[in-house]
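To find a chain, count down the sequence lines: A is the first, B the second, and so on, and within it residues start at 1.
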Amino acid sequence: MGLLRYTLWRVGQTIPVIVGIVTITFLLSNAIPGDPVRIMLGPTPSAELVEQIQAKYGLDQPLHVRYWNYISGVAQGDLGYSIHYDRPVTEVIAQRLPVTLILMVSAFAFAIATAVPLGMISAKRRNKPTDHLSRVFALVGVSTPSFWIGLVLIILLSYQLNLFPSSGMILPWADPTDVRGATNQLGVVLLSAYHLVLPTIALGTLQMAAITRIERSSMVESLHAEYVKLARAYGVSERTILRKHAFRVAQLPVITIIGLQLSSILGGAVLIETVFNINGMGRLIIQAVQANDYQLVMGTTIVFGLSFLVGVIITDISYAYIDPRVSYGER
Amino acid sequence: MTDDANNRYDVSRRTLMKGAGAAGLGSMAGCTDLGLGGDEGTTTLYFAQEKGPLEFDPIVLNDVPSAQISERIFQGLFTYSEGTEIVPELAAGEPEVERDGTRYIVEIKEDAEFQNGDPVTAEDAAYSLTAPVQEETENAAEVDMIDSAEAIDEKTVQFDLGFPYAAFDTTLLFNIVPKSVREEDKTAFNEEEPVGSGPFQFVEYTQEESATIEAWDDYWGEESPEVDEVVWTGIPDGTTRLTSLQNGENDIIETVPPDLYSELENSDEAEIMSSPSIGYYYLAFNCNEGPATDQRVREAVDYCFSMDEAVSNHIEPAGVRQYSPIPAAVAEQWEFPTDEWANVPHEKDIDAAMSLFEEAGVDSDYEWRIIVPPDDLREQLGVSVSNGLQEAGYDASVQRLDWGAFSDQYISGNEDDYNIYALGWSGSPDPEAFTYYLFDQEVEGVTNGTFWQNDEINGENGLIRQARETPDREQRREMYIEAINTTLEERPHLPGYALANSYGVRNYVEGFQSHPDSATIPIAQEYTTVSIGER
């Protein structure tokens with residue numbers, strides 16, 4: 001089986017998982033106590049009005065009918081209608097998703113860009129002060145909740161030193177005329193990066209610490225592998241060994257951990273978006289639950305679930321590129 | 001005041017340079033046009049709300065953040081004074097009341113016009129107050145006492161009510177929209193180009209995030225704004241909101257979290273402005289099933305704890321003690337005997353409580369169930385009562401429920417669901433808003449979860465219903481006093497507190513004052529106009 005077929009096979013495998021996610025989400029959302037129509041209409045709606053609104057959103061149908069309507073809608077890309085926002089769920093999500101994606105990409109980029117060199121240096125200088133420092137740093141990093149880091153950053157760098165904004169997010173492709181303080185696109189990008197600094201650090205620190213630990217141990221193992229010893233015997237320079245021989249193979253566990261970190265970063269985004277007042281998917285899911293907006297709760301959960309699945313598939317497929325020993329031909 | 005003083009760009013740029021340097025981007029600063037600038041000479045007021053706005057059309061909007069902005073763009077026939085008195089806004093004078101309080105005739109000011117240049121007409125007013133029912137929007141209940149509304153002439157509108165509704169002057173606060181503009185495209189009117197008659201015009205917004213409004217240069221009224229624009233940002237987290245005030249990102253923030261009061265009180269750069277809101281928080285009994293059906297038991301629970309102490313320990317300074325269902329601002333205006341009402345609750349006396357429990361025959365192994373919504377302050381009230389009940393020898397649990405579960409349970413009247421619940425209510429500045437919806441038998445299981453029955457007070461011909469339908473204010477006042485006297489004595493509720501509408505305001509903001517109505521943010525009113533001094 002070639003890589004393309006394997007990819008298709010892996011994607012095909014996710015279909016029952018997606019159906020499972022949709023089904024469980026649907027059932028759980030319907031188990032949430034409280035009537036969304038009552039929350040929407042306030043304390044004294046007439047019975048006729050309640051009935052009419054329920055009919056409008058299909059809430060008067062039996063559970064199995066609603067489930068079938070919903071799942072066939074999802075199959076066609078229709079995630080339903082948000083009562084709270086009075087617009088299609090896909091429209092609401094489309095507005096919020098890019099914000100969270102930027103935050104996640106930024107946090108991952110920060111984590112990888114700092115953790116990989118840190119882990120390599122640590123492995124190279126094993127059991128020396130730099131290594132000890134890096135390990136303590138990594139241990140503290142994985143044990144500290146992201147929202148706490150966020151609050152500390154806000155207090156220190158925004159509140160005390162007034163260096164960074166404490167809240168908000170600007171999309172880098174926003175129109176300069178819509179962004180206060182920007183006269184051209186570069187200004188927008190700069191302001192966007194400026195607003196991203198603190199949330200990125202807050203969200204990416206845990207990932208950075210986790211990746212640093214794996215990178216270090218994986219590199220240590222790799223530097224002591226037989227083929228590395230052989231390369232040394234052939235007189236290959238340490239620099240080449242580190243960069244060409246040891247590094248590539250050592251990245252396999254790192255990629256695994258990055259893939260697994262996707263779920264924790266999504267969870268972290270919910271808190272970080274709240275702390276930094278960023279209107280992304282994380283905040284959206286909280287608002288949806290608070291408003292008893294069933295369709296929106298389901299829509300956001302499905303998107304979160306899908307994001308995780310996509311991350312897992314990308315991780316799996318990346319293996320083949322990184323490590324030639326991994327082959328899918330025999331499956 | 002100079003232009004520079006109000007130029008947020010300078011502040012942003014300065015902060016950006018510091019931040020860029022700290023982030024290692026400093027080298028970029030000198031070598032290229034960073035594309036940062038703009039807004040020179042614009043006086044902007046930055047206001048942080050607890051949540052961002054959802055929509056702007058007064059016919060459909062039903063949340064406080066949206067109303068706070070929308071009410072700067074739209075106006076009602078009447079509005080609030082500096083307090084809770086209702087005074088003409090678009091109306092030329094007081095309404096004429098005819099047909100035993102079932103007909104209200106209002107004349108509209110000659111020069112009142114909308115931001116598109118059209119005059120505000122009687123037809124617009126009639127349309128605005130009937131559209132919520134016609135279109136069955138969330139605001140239908142606010143105006144559904146209107147049977148019909150018609151324009152007698154260009155500037156005179158007549159409302160005929162289905163029953164004499166004495167609090168109709170509060171209904172006349174409803175904002176007026178231009179019928180022709182709204183009818184053309186309701187969605188656009190709600191989200192893209194709302195057109196009102198107020199001193200501010202809509203510019204842009206991002207749903208639940210932020211909004212910008214600007215001063216309308218050709219405003220027909222006298223209270224022209226002194227700021228060029230207002231930028232509203234929703235920041236739900238209290239700490240982040242306060243930080244945005246302290247570091248100058250915002251000039252005013254609404255609702256200072258109680259645990260951060262001292263932080264602001266000690267600040268040299270900002271102060272707190274607050275006033276009790278038109279709201280009421282309370283503990284209520286399930287008088288339908290269980291021991292609390294007995295008046296002696298309710299009194300015994302009152303003896304189990306001190307509400308004064310609970311409010312002083314857990315609510316102040318975010319709120320103030322309230323001794324009746326009528327908020328202080330309303331009680332003051334109606335000259336209610338609040339001093340007498342303050343004497344009704346008992347001080348803590350566990351012995352007195354135990355003897356009343358014994359007299360009423362409540363089993364010593366009875367387990368009390370107290371339910372509270374997801375709110376720390378109300379949970380504290382629940383805990384105070386449960387502690388007292390435990391001192392009196394009972395088991396008592398406090399269940400903190402999500403809003404969905406809570407709103408299902410507190411109106412069930414079922415003993416298994418609750419014996420006591422903690423809740424709040426905010427309404428218009430008329431006693432009717434607090435007596436009818438919280439105690440009347442007609443709304444049992446809807447907004448009244450007590451199921452307390454006293455036909456003379458809350459029955460079909462009870463005082464609460466009579467006062468609701470009596471046009472004469474003095475007669476109403478007497479009815480309310482009598483009704484509240486009995487209600488306090490029989491204790492279906494133990495009144496608790498009113499939260500304050502509190503704002504953190506930077507020192508350079510001049511003329512801002514808090515208002516009892518949480519949707520009223522006075523920026524350009526007859527009684528005060530906000531300006532910005534040197535930042």
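Across all non-hydrogen atoms, the minimal contact from Gln409(B) to Asp417(B) is OE1-O, 3.5 Å.
Heavy atoms of Thr187(B) lying under 4.5 Å from chain A are absent altogether. Of the atoms belonging to Ile235(B), heavy atoms from both backbone and side chain fall under 4.5 Å from chain A. Only the side chain of Thr212(B) comes within contact range of chain A, with heavy atoms under 4.5 Å apart. Only the side chain of Val231(B) comes within contact range of chain A, judged by heavy atoms closer than 4.5 Å.
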Could you pull out all donor-acceptor pairs under 3.5 Å where a side-chain atom in residues 94-121 of chain A meets a protein atom, sequence neighbours excluded?
from      : atom 1 : to        : atom 2 : distance (Å)
Arg96(A)  : NH1    : Gly280(A) : O      : 3.3
Arg96(A)  : NH1    : Gln287(A) : OE1    : 3.4
Arg96(A)  : NH2    : Tyr85(A)  : OH     : 3.3
Arg96(A)  : NH2    : Gln287(A) : OE1    : 3.2
Thr100(A) : OG1    : Glu273(A) : OE2    : 2.7
Thr100(A) : OG1    : Met281(A) : N      : 2.6
Ser106(A) : OG     : Thr200(A) : OG1    : 2.6
Thr114(A) : OG1    : Phe110(A) : O      : 2.6
Thr114(A) : OG1    : Ala111(A) : O      : 3.2

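Open room surrounds CZ on Phe137(A); 12 or fewer heavy atoms of other groups in view lie less than 6.0 Å from it.
Among the candidates Lys51(B), Glu191(B), Glu55(B), the residue making the largest number of heavy-atom pairs closer than 4.5 Å to chain A is Glu191(B). Contact count against chain A (heavy-atom pairs under 4.5 Å) is highest for Gly234(B) among Gly52(B), Gly234(B), Pro374(B), Ala48(B).
Rounded to the nearest 0.5 angstrom, Gln441(B) CD and Tyr436(B) OH are separated by 11.0 Å.
Every side chain to side chain contact (heavy atoms under 4.5 Å, CB included) that Ala188(B) has, sequence neighbours left out, goes to Asp185(B), Glu192(B), Glu193(B).
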